Amino acid sequence: MSERDRGAAEGRAPRVLLAVCGGIAAYKACEVLRGLQKAGCEVRVTMTADAERFVGAATFEALSGAPVADDLYGYPGTPIPHVELGGWADLALVVPATANVMAKLAAGIADDCLTTTLLACACPVLVAPGMNVHMWRAAATQANVATLRARGTLLVGPDSGRLACGDVGEGKLAPVGEIVAAALELIGDLTRPKDLAGAHLLVNAGPTHEAIDPVRYIANRSTGKMGFAIAAAALARGAEVWLVAGPVSLPTPFGARRLNVTSAEDMRGVCLSLFGHVDAAICSAAVADYTPARPADHKLKKSRERLDAIELTETADILAELCALKGDRVVAGFAAETDELLAHAREKLERKGADLIVANDVSRPESTFGADTNRVALVSAAGTEQLETMPLPQVADAVLDAVRDLLRERGRL
Ligand code: CTP
């Protein structure tokens with residue numbers, strides 16, 4: 001258990017490092033600070049020199065009751081404020097995040113107290129961008145946002161509306177209440193009981209793409225949301241998570257070790273090589289059942305090579321292969337069905353040798369591909385439990401409760 005988790009588990013106040021950058025919305029960081037304090041958080045502040053042109057450090061010192069870290073040299077009590085504050089924080093919150101600071105975060109540049117402290121943070125980072133619409137839309141900013149998201153940095157906002165400069169568009173700092181709520185949600189994850197601490201999980205998620213030629217592929221409607229929610233919930237509950245992701249555009253849950261794959265065969269290879277390192281595998285991926293038998297190595301030209309039919313060959317069943325190897329490890333699969341849900345799910349449980357099948361009826365709008373809710377039944381040797389329609393994070397927790405119980409039965413937790 002990390003120092004941070006231990007502190008959170010002991011019930012001390014959650015610690016937020018508020019990083020204030022030089023933008024007109026810097027004054028709203030004062031209200032964010034107050035909102036966090038009202039919710040019981042301890043807040044420390046680091047600021048850039050530009051931020052101090054908008055709001056004085058004295059304001060944040062008075063509000064937080066602690067010195068503001070705006071210089072790497074001369075901070076009271078420690079010669080290394082960046083390491084001290086980076087290790088102290090449960091969450092770093094950047095308000096407003098300017099295009100410049102986001103670029104530095106993406107590049108790992110640490111050329112002042114704020115960016116050096118953020119680089120030294122081992123905790124999740126939540127970024128609330130606030131800038132001019134053209135700066136937000138700039139290709140460089142968008143590339144930096146994508147880099148940060150892929151690394152597990154979370155963003156709240158920006159909103160659209162009339163900006164301080166008079167332009168109208170995206171770039172407006174998210175409302176204070178929304179920023180505080182997003183921060184508290186992340187802190188809630190940090191303070192959750194770590195009932196999966198010590199467990200190593202493999203989660204696969206998303207669709208696979210099966211190449212017809214270098215341009216075309218066969219895919220399915222999976223978005224990966226369910227598997228990513230399972231990975232995020234497992235991390236919040238203390239598990240170590242390997243996330244094997246098919247082609248999806250979802251941010252990496254903080255702390256997940258993510259491996260991106262494209263085809264069913266790629267996914268199989270990565271899952272098999274990781275399986276020896278885990279206690280449980282949760283196979284939520286919609287792996288293609290068939291793949292083109294002879295993908296072309298060049299783009300097929302319709303004038304010369306007709307594509308009236310594609311010869312397909314069956315892919316290997318990753319879930320069944322993991323089940324055959326599992327020993328006392330726990331393996332859970334999913335069954336996406338449109339009819340006779342429970343009968344098909346139980347048949348899959350037995351045929352593949354899984355410990356648990358999470359069955360969902362994808363013909364229902366609340367449990368179809370891309371939905372933010374799911375209605376599942378948990379099918380195992382112990383019986384069938386039909387759950388209500390719930391938001392994906394709650395479904396993820398229900399699946400993990402079942403996996404946790406199985407791990408305990410096997411003595412792996
Ligand atoms: N699965 C897998 N490898 C495959 C196909 C499926 O690991 N090549 C896994 C999925 O990740 C899921 C489970 O098997 O956990 C069930 O997937 P599903 O598509 O519902 O079932 P199929 O085995 O493909 O059976 P059917 O097409 O008859 O429904």
Side-chain angles (χ1 to χ4, degrees), residues 201-211 217-231 234 241-248 259-275 278 280-293 312-326 329-364 367-371 374-380 384 392 395-396 398-400 402-403 406:
L201 303 190
L202 163 62
V203 179
N204 68 21
T208 62
H209 287 181
E210 308 301 319
Y217 57 82
I218 299 173
N220 59 62
R221 293 183 193 279
S222 169
T223 58
K225 282 184 184 178
M226 185 71 251
F228 274 59
I230 290 173
V241 176
W242 292 97
L243 177 58
V244 183
V248 293
L259 291 149
N260 290 327
V261 297
T262 304
S263 67
E265 196 46 37
D266 296 343
M267 187 171 275
R268 172 178 178 265
V270 174
C271 289
L272 286 175
S273 67
L274 289 175
F275 193 52
V278 300
I282 302 176
C283 298
S284 72
V287 185
D289 289 326
Y290 292 93
T291 191
L312 299 174
T313 150
E314 212 174 323
T315 57
D317 190 316
I318 303 168
L319 175 62
E321 279 192 58
L322 297 184
C323 289
L325 296 169
K326 76 183 169 69
R329 281 167 289 184
V330 173
V331 178
F334 273 67
E337 309 288 349
T338 55
D339 57 280
E340 291 184 62
L341 177 67
L342 297 180
H344 281 139
R346 188 151 295 280
E347 184 274 324
K348 272 177 196 167
L349 182 83
E350 280 154 20
R351 174 165 49 88
K352 302 198 186 200
D355 298 298
L356 175 71
I357 290 285
V358 184
N360 64 322
D361 180 347
V362 286
S363 66
R364 297 168 76 112
S367 54
T368 195
F369 297 108
N374 205 349
R375 183 175 186 276
V376 303
L378 303 179
V379 179
S380 70
T384 298
L392 292 183
V395 179
V399 172
L400 289 169
V403 169
L406 288 161

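Read the numbers this way: they start at 1 and go in the same order the structure lists the ligands and their atoms. Note that the structure is a prediction, hence the values are computed from the model and not measured.
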*For the residue pair T208 and D266, establish whether any side-chain heavy-atom pair is separated by less than 4.5 Å.*
no
*Check A286 against ligand 1 and report side chain, backbone, both or neither, counting heavy atoms closer than 4.0 Å.*
neither
*Flag V287 as yes when one of its N or O atoms lies below 3.5 Å from any N or O atom of ligand 1, and as no otherwise.*
no
*Would you call S367 and V362 a side-chain contact if the rule is heavy atoms closer than 4.5 Å?*
no
_Taking 4.0 Å as the limit for heavy-atom contacts, which would you say applies to K348 with ligand 1: side chain only, backbone only, both, or neither?_
side chain
_Regarding ligand 1, does A335 bring an N or O atom to under 3.5 Å of one of the ligand's N or O atoms?_
no
*Mark up the atoms of ligand 1 that fall under 4.0 Å of a heavy atom belonging to T315, in ascending order.*
8 (N)
*Backbone, side chain, both or neither: what part of A336 comes under 4.0 angstrom of ligand 1, heavy atoms only?*
backbone
*Nitrogen or oxygen of D289 less than 3.5 angstrom from that of ligand 1*: yes
*asked:* If you count heavy atoms of other groups shown closer than 6.0 angstrom to CZ of R351, is the number above 12?
replied: yes
*Heavy-atom nearest option to atom 11 (O) of ligand 1, drawn from A359, A285, C323*: A285
*To the nearest 0.1 Å, how far is atom 7 (O) of ligand 1 from its closest protein heavy atom, and which atom is that?*
L319 N, 2.7 Å
*Which residue and non-hydrogen atom of the protein lie closest to atom 3 (N) of ligand 1, and at what distance in Å?*
I318 N, 3.0 Å
_Nitrogen or oxygen atoms of K352 and ligand 1 under 3.5 Å apart_ = yes
*asked:* Check for me whether A288 has a heavy atom closer than 4.0 Å to any atom of ligand 1.
replied: yes
*Using a heavy-atom cut-off of under 4.0 Å, does the side chain or the backbone of A316 touch ligand 1, or both, or neither?*
backbone
*Under a heavy-atom criterion of less than 4.0 Å, does A264 contact ligand 1?*
no
*Mark yes or no for whether N220, through its side chain, and S222, through its backbone, hold a donor-acceptor pair below 3.5 Å.*
yes
*Is the closest basic N to carboxylate O distance between E321 and K326 below 4.0 Å?*
no
_Shortest protein heavy-atom distance from atom 13 (C) of ligand 1, along with the residue and atom involved_ = F334 O, 3.0 Å
*Which of the atoms in ligand 1, numbered in the order shown and given with their element, are less than 4.0 Å from a heavy-atom of C283?*
11 (O), 12 (C), 15 (O)
*Pair K352 + D317: basic N to acidic O under 4.0 Å*: yes
*Do M267 and N204 have side-chain heavy atoms sitting under 4.5 Å apart?*
yes
*Measuring from T262:OG1 to H209:NE2, what's the distance to the nearest 0.5 Å?*
8.0 Å
*Given L349, L342, I357, L341, the one that forms side-chain contact (heavy atoms from CB on, under 4.5 Å) with T384*: L342
*Could you tell me the separation between the CD atom of E340 and the CZ atom of R346, rounded to the nearest 0.5 Å?*
14.5 Å
